[in-house]
Chemist: 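Below is the structure I would like to discuss, written out as structure tokens.
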Amino acid sequence: MCGRSSLTKTEKELEERFRATFYSEDLERYNPLPNFNVAPTHMHPVITQEEPQVIHLYRWGLIPSWAKDTKIGSKLINARIEGIEEKPSFRSAFQKRRCIVPFDGYYEWQKTPEGKIPYRIQLKDAEIFTIAGLYEHWKDPKGGIIHSFTLITHEADASISHLHDRQPMVLLPQQEALWLDANIPTKDLIHELGHIPGSHFSWYRVSDRVNNVRENDAGLIEAV
């Protein structure tokens, strides 16, 4: 799975990388960058099919349109690629609401006899990479709309499976436009993109402090 990550770049760096702009009122309201310890329920940048020229700030943890409240979002931070188009929670978003989600690293915990050891995983030769996602717009009965997203995961490449048996569906830069192309059905893309060989990734051990979601500083991404 992918349950913790980082995006330590500035708004300007993201705008230059994706040739898109933030809504200034979103930044004034949330100001989520830099974030060395991105966790579920955090507001995080996404680029959607609806407005690929805009970088939105959505909540991590998908809230389907039919949900009674927001609690389900904490259980839908990831969408397993296996059978994704048939699952009620993802079926609608799978058909017409794809997004790319930028990061500069994500964390996984390797199980060892001494306990779980955290590692930070990055895409080689890419200061910013993206993960394929789906998004939803949920109407709050009390008023307003909550925009949320989930990250697609698949079985980990053999070279990285010693850290975790799942990994996010990372996209190479040349694949991002395809994932955002509303003219291409998701079913035609889902199994063709994202299965990047482990040789494209690098990883290193980081501090146990990353276990605490309240910790959020540059020391979390330093190697130990």
Side-chain angles (χ1 to χ4, degrees), residues 1-5 7 26 30 32 35 37-52 54-103 106-109 121 129-156 161 164-171 175-176 178-196 213:
M1 66 176 293
C2 180
R4 205 75 63 78
S5 52
L7 183 58
D26 283 352
Y30 299 112
N35 194 337
N37 200 359
V38 184
T41 74
H42 282 187
M43 302 301 291
H44 189 81
V46 303
I47 299 171
T48 71
Q49 288 182 308
E50 290 175 283
E51 292 185 285
V54 176
I55 303 174
H56 292 278
L57 294 174
Y58 285 4
R59 174 174 164 157
W60 186 7
L62 195 78
I63 306 171
S65 60
W66 45 259
K68 295 181 179 180
D69 54 47
T70 62
K71 294 179 181 179
I72 192 173
S74 62
K75 299 179 181 179
L76 300 178
I77 63 172
N78 291 164
R80 295 174 68 97
I81 198 172
E82 297 85 358
I84 185 174
E85 59 187 302
E86 302 298 333
K87 296 177 180 177
S89 297
F90 307 123
R91 186 185 300 136
S92 178
F94 179 87
Q95 295 174 354
K96 53 188 176 183
R97 284 184 290 277
R98 301 194 300 262
C99 63
I100 57 175
V101 188
F103 296 102
Y106 71 95
Y107 302 104
E108 287 294 3
W109 282 257
I121 303 169
F129 62 88
T130 61
I131 295 175
L134 305 174
Y135 64 98
E136 277 283 9
H137 308 301
W138 182 76
K139 293 183 179 180
D140 189 338
K142 298 179 181 179
I145 297 176
I146 295 179
H147 308 284
S148 61
F149 71 92
T150 188
L151 303 175
I152 298 175
T153 68
H154 56 73
E155 185 177 351
S161 61
H164 199 280
D165 62 355
R166 306 289 298 179
Q167 70 180 79
M169 183 176 163
V170 174
L171 300 174
Q175 297 174 321
E176 293 168 354
L178 288 173
W179 188 249
L180 292 178
D181 190 339
N183 296 313
I184 306 176
T186 311
K187 63 181 180 180
D188 294 341
L189 291 173
I190 192 73
H191 294 295
E192 296 179 11
L193 304 179
H195 292 271
I196 300 174
V213 297

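Keep in mind the model is a prediction, meaning the values are calculated, not measured.
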Chemist: For the residue pair Phe94 and Pro185, establish whether any side-chain heavy-atom pair is separated by less than 4.5 Å.
Modeler: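 Answer no - side chains too far apart.
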Chemist: Drop me the distance from His56's NE2 to Thr48's OG1, to the nearest 0.5 angstrom.
Modeler: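 Atom-to-atom, His56:NE2 and Thr48:OG1 are 4.5 Å apart.
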Chemist: Just do the ring-ring contact (aromatic ring centres under 6.0 Å, His included) check on His147 and Phe149 with the steps written out, would you?
Modeler: CA-CA 7 Å; His147 308 284; Phe149 71 92; over 10 Å; no
Chemist: Mind listing the closest non-hydrogen atom pair of Pro168 and Ile131 along with its distance?
Modeler: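 In terms of heavy atoms, the two residues are closest at CB-CD1, 3.6 Å.
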Chemist: Say you draw a straight line from CD1 of Ile190 to NE2 of His195; how long is it, rounded to the nearest 0.5 Å?
Modeler: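 Here the interatomic distance stands at 7.5 Å.
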Chemist: Atom CG in Leu189, atom CZ in Arg98: separation rounded to 0.5 Å?
Modeler: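 Between atom CG of Leu189 and atom CZ of Arg98 there are 5.0 Å.
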Chemist: State, with a plain yes or no, whether a side-chain heavy atom of Phe103 is found less than 4.5 Å away from one of Leu151.
Modeler: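 Yes, close enough: below the 4.5 Å cut-off.
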Chemist: More than 12 heavy atoms of other residues, nucleotides or ligands under 6.0 Å from CD of Glu51: is that the case?
Modeler: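 Yes - once you tally the heavy atoms of other residues, nucleotides and ligands closer than 6.0 Å, there are more than 12.
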Chemist: Could you tell me if the side chain of Tyr58 sits less than 4.5 Å from the side chain of Glu136, heavy atoms only?
Modeler: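 Not touching, per the 4.5 Å side-chain cut-off.
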Chemist: Verify side-chain contact (heavy atoms from CB on, under 4.5 Å) between His44 and Val101, making sure each step is shown before the conclusion.
Modeler: CA-CA 8 Å; His44 189 81; Val101 188; 3.4 Å; yes
Chemist: Could you check if a side-chain atom of Arg80 sits within less than 4.5 angstrom of a side-chain atom of Phe90, using non-hydrogen atoms only?
Modeler: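 In short, these two side chains do not touch, never coming nearer than 4.5 Å.
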Chemist: If we only count heavy atoms from C-beta on, is the Gln167 to His154 side-chain gap below 4.5 Å?
Modeler: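 Heavy-atom side-chain distance check passes, below 4.5 Å.
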Chemist: For a quick test of reading the model, state the closest non-hydrogen atom pair linking Ala67 to Ile72 and the distance between them.
Modeler: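 Shortest heavy-atom contact: CB-CG2, 3.8 Å.
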Chemist: Kindly assign one of parallel, tilted or perpendicular to the pair Tyr135 and His137, based on the angle between their ring planes and the thresholds 30° and 60°.
Modeler: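 The arrangement is perpendicular - the two ring planes meet at more than 60°.
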Chemist: Within the structure provided, determine whether His191 and Ile81 are in side-chain contact (heavy-atom separation under 4.5 Å).
Modeler: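 The answer is yes; the side chains approach within 4.5 Å.
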Chemist: Taking Thr150 for its side chain and Leu62 for its backbone only, find out whether a donor-acceptor pair lies under 3.5 Å.
Modeler: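 Not at all, since once roles are kept as given, no pair shorter than 3.5 Å links the two residues.
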Chemist: Ile146 versus Arg59: any side-chain heavy-atom pair under 4.5 Å?
Modeler: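 Yes; the side chains approach each other to less than 4.5 Å.
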Chemist: Please report the C-alpha distance between Arg97 and Ser92 in whole Å, then the side-chain angles of each, then the deciding distance to 0.1 Å, and finally whether the side-chain hydrogen bond (donor to acceptor under 3.5 Å, both in side chains) criterion is met.
Modeler: CA-CA 8 Å; Arg97 284 184 290 277; Ser92 178; 2.6 Å; yes
Chemist: Tell me if a side-chain donor or acceptor on Trp60 pairs with a main-chain N or O of Ala39 at a distance below 3.5 Å.
Modeler: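 Such a contact is absent between Trp60 side chain and Ala39 backbone.
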Chemist: Less than 4.5 Å apart, any side-chain heavy atom of Leu76 and any of Pro64?
Modeler: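 Leu76 reaches Pro64 side chain to side chain.
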Chemist: Drop me the distance from Ile47's CD1 to Trp179's CH2, to the nearest 0.5 angstrom.
Modeler: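 Going from the CD1 atom of Ile47 to the CH2 atom of Trp179 covers 14.5 Å.
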Chemist: Would you compute the distance between atom CD1 of Ile84 and atom OG of Ser89 and round it to the nearest 0.5 angstrom?
Modeler: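 Reported value, rounded in 0.5 Å steps: 10.5 Å.
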Chemist: Could you tell me whether Lys87 atom NZ has more than 12 heavy atoms of other residues or ligands within 6.0 Å of it?
Modeler: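 Yes, because the 6.0 Å sphere around NZ of Lys87 holds more than 12 heavy atoms from other groups.
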Chemist: So, taking the atom named CG in Asn183 and the one named CG in Asp188, what distance separates them when rounded to the nearest 0.5 Å?
Modeler: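 Asn183 atom CG to Asp188 atom CG measures 12.0 Å (nearest 0.5 Å).
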